[in-house]
Amino acid sequence: MENVVSFESGSVMYFSDFYRGKRVFLTGHTGFKGSWLAEWLLSLGAEVHGYALDPQPHEVLFGQLGLSSRLEGDTRGDLADRAALSEAIEASAADVVFHLAAQPLVRLSYDRPVETLAANVMGTAHVLEAIRQVGRPCAVVSITTDKCYENREWLHAYREDDAMGGHDPYSASKGAAELVIASYRSSFFRPGGQVKLASARAGNVIGGGDWAKDRIVPDCIRALRAGEAIPVRNKIATRPWQHVLEPLSGYLLLGAQLATSDRPEMASGFNFGPSLVSNRTVADLVQELLRHTGGEWIDASDPAAVHEASKLNLATDKAFHLLQWQPVWNFKETLEKTAEWYLQEAAGEDPAQLTRNQITAYQQSAATKSLPWASGQPL
């Protein structure tokens, strides 16, 4: 492994310097969110062991960041391969596990429902079972989604104790994954035991380096770079938009708190979403993006399209009170930073440096807001 160079600013110890020297096992490290998290963990001084499939053609950020040569372990494997997964977890001797690997797209789940359920439900079970079999003390943060809740199209935000559900196969798979997590916690990873298990449910994540199909920002950037109007298929749907660094800060804080605290309430589900005013329509998001990029959009609504939730937002009171976590960038700042990454990358700037610069900027913004995790305060 190449030497890891920290790019943190000043002498502030983010997350109380918890991750320095810690062994972290990260599933899904070749994906969009996984690549951002791996980069941030390296900057914090962690020893990162990744487990994932090879990057898909659209998952270019992993290569742009040069992560393969900078990780302590870069294992390519399927969550269905229980032997390989167990071997990788045991070899990592992980202090903290972040489980991100998943089939992450709603619309694709209609085409591949069984594969989605296998990856997201049984994949989660396989990770937790491997951790149980290895029997090493660790903190585990398993990532699901805001769509794990039974969506009733109501205006108020979903709380952590609301019912799990899911109209589409993707949402159902994530709701079921939460049930698997709760079952393992109750049956095998009880408070006071060696393994502390929590789940994290994030909002709609955007940010530079995402090129997935059927996600609004990548669809926008592809259309703009082709000189075309952006087709918007669901302009009135509201979502809790947040920059990718927002939930990642929550995952990192939760992992550190799990590992260092004996409070049983930490081993539970947490929402990480934006402030209420960032719950905006798809049309609002596109208009705000175009303020920075130029271009235009067209209404491409299709009455015959597969079902997608219309209203969705998260209550984050629990994360605020128990973790002292709160979002850093507002809606306009989130779109500004996202547009900035893509525009500068298109102009020939180094994607790795753009990513690092934004992590540094985010940490500095959090410190300016005096958030405990960014101010050198004890966890």
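Remember, it's a predicted structure, so these values are computed and weren't measured experimentally.
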Does [atom1] in [X] sit with more than 12 non-hydrogen atoms of other residues, nucleotides or ligands closer than 6.0 Å?
X	atom1	answer
R112	CZ	no
R82	CZ	no
E87	CD	no
Q377	CD	yes

Flag side-chain contact, heavy atom, 4.5 Å: T355 against W341: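 The answer is yes; the side chains approach within 4.5 Å.
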Is the closest side-chain heavy-atom distance between T27 and F25 below 4.5 Å? yes
Under 3.5 Å, is there a donor on one side chain and an acceptor on the other for [X] and [Y]?
X	Y	value
E246	Y362	yes
N271	Y149	yes
W241	T334	no
W373	Q257	no

Within the side chain of [X], is there an N or O that forms a donor-acceptor pair under 3.5 Å with the backbone of [Y]?
X	Y	answer
E59	Q56	yes
Q358	K337	yes
T145	K147	yes
T30	D54	no
S278	P274	no
D78	D81	no
S171	G166	no
R222	W211	yes
N279	L276	yes
Q103	L105	yes

Just jot down the side chain to side chain donor-acceptor pair (under 3.5 Å) partners of T124, sequence neighbours excluded, or say none.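 Partners of T124 by the side chain to side chain donor-acceptor pair (under 3.5 Å) criterion, ordered by chain and then number, come out as H99.
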Hey, is R159 close enough to D162 for a salt bridge, meaning N to O under 4.0 Å?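 Judged by the 4.0 Å cut-off on N to carboxylate O distance, R159 and D162 do not form a salt bridge.
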Hey, are R356 and E39 close enough for a salt bridge, meaning a charged N less than 4.0 Å from a carboxylate O?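 Salt bridge flag = yes for E39 with R356.
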Show your working on side chain to side chain donor-acceptor pair (under 3.5 Å) between E129 and Q133 and close with a plain yes or no. CA-CA 6 Å; E129 181 61 15; Q133 294 293 338; 2.6 Å; yes
Quick check on the 6.0 Å ring-centre criterion: do W325 and F320 meet it?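 Not under 6.0 Å, so no.
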For this output row, return yes or no: ring centroids of F62 and H29 closer than 6.0 angstrom. yes
Side chain to side chain donor-acceptor pair (under 3.5 Å) partners of residues 288-299, not counting sequence neighbours, each pair once: K235-D299, E288-R291, D299-S301
Does the pair R225 and E345 meet the rule for a salt bridge (Lys or Arg N to Asp or Glu O under 4.0 Å), with working shown? CA-CA 12 Å; R225 290 190 178 184; E345 189 256 358; 2.7 Å; yes
Can you pull the salt bridge (charged side-chain N to carboxylate O under 4.0 Å, His left out) pairs that have at least one residue in residues 178-197, sequence neighbours excluded? E178-R201, K196-D262
Parallel, tilted or perpendicular: which fits the ring planes of Y19 and F15, with parallel below 30° and perpendicular above 60°? perpendicular
Is there a ring-ring contact (aromatic ring centres under 6.0 Å, His included) between H243 and W36? Walk through the geometry before answering. CA-CA 11 Å; H243 192 276; W36 274 89; 5.6 Å; yes
Closest non-hydrogen atom pair, D74 against S68: OD2-OG, 2.8 Å
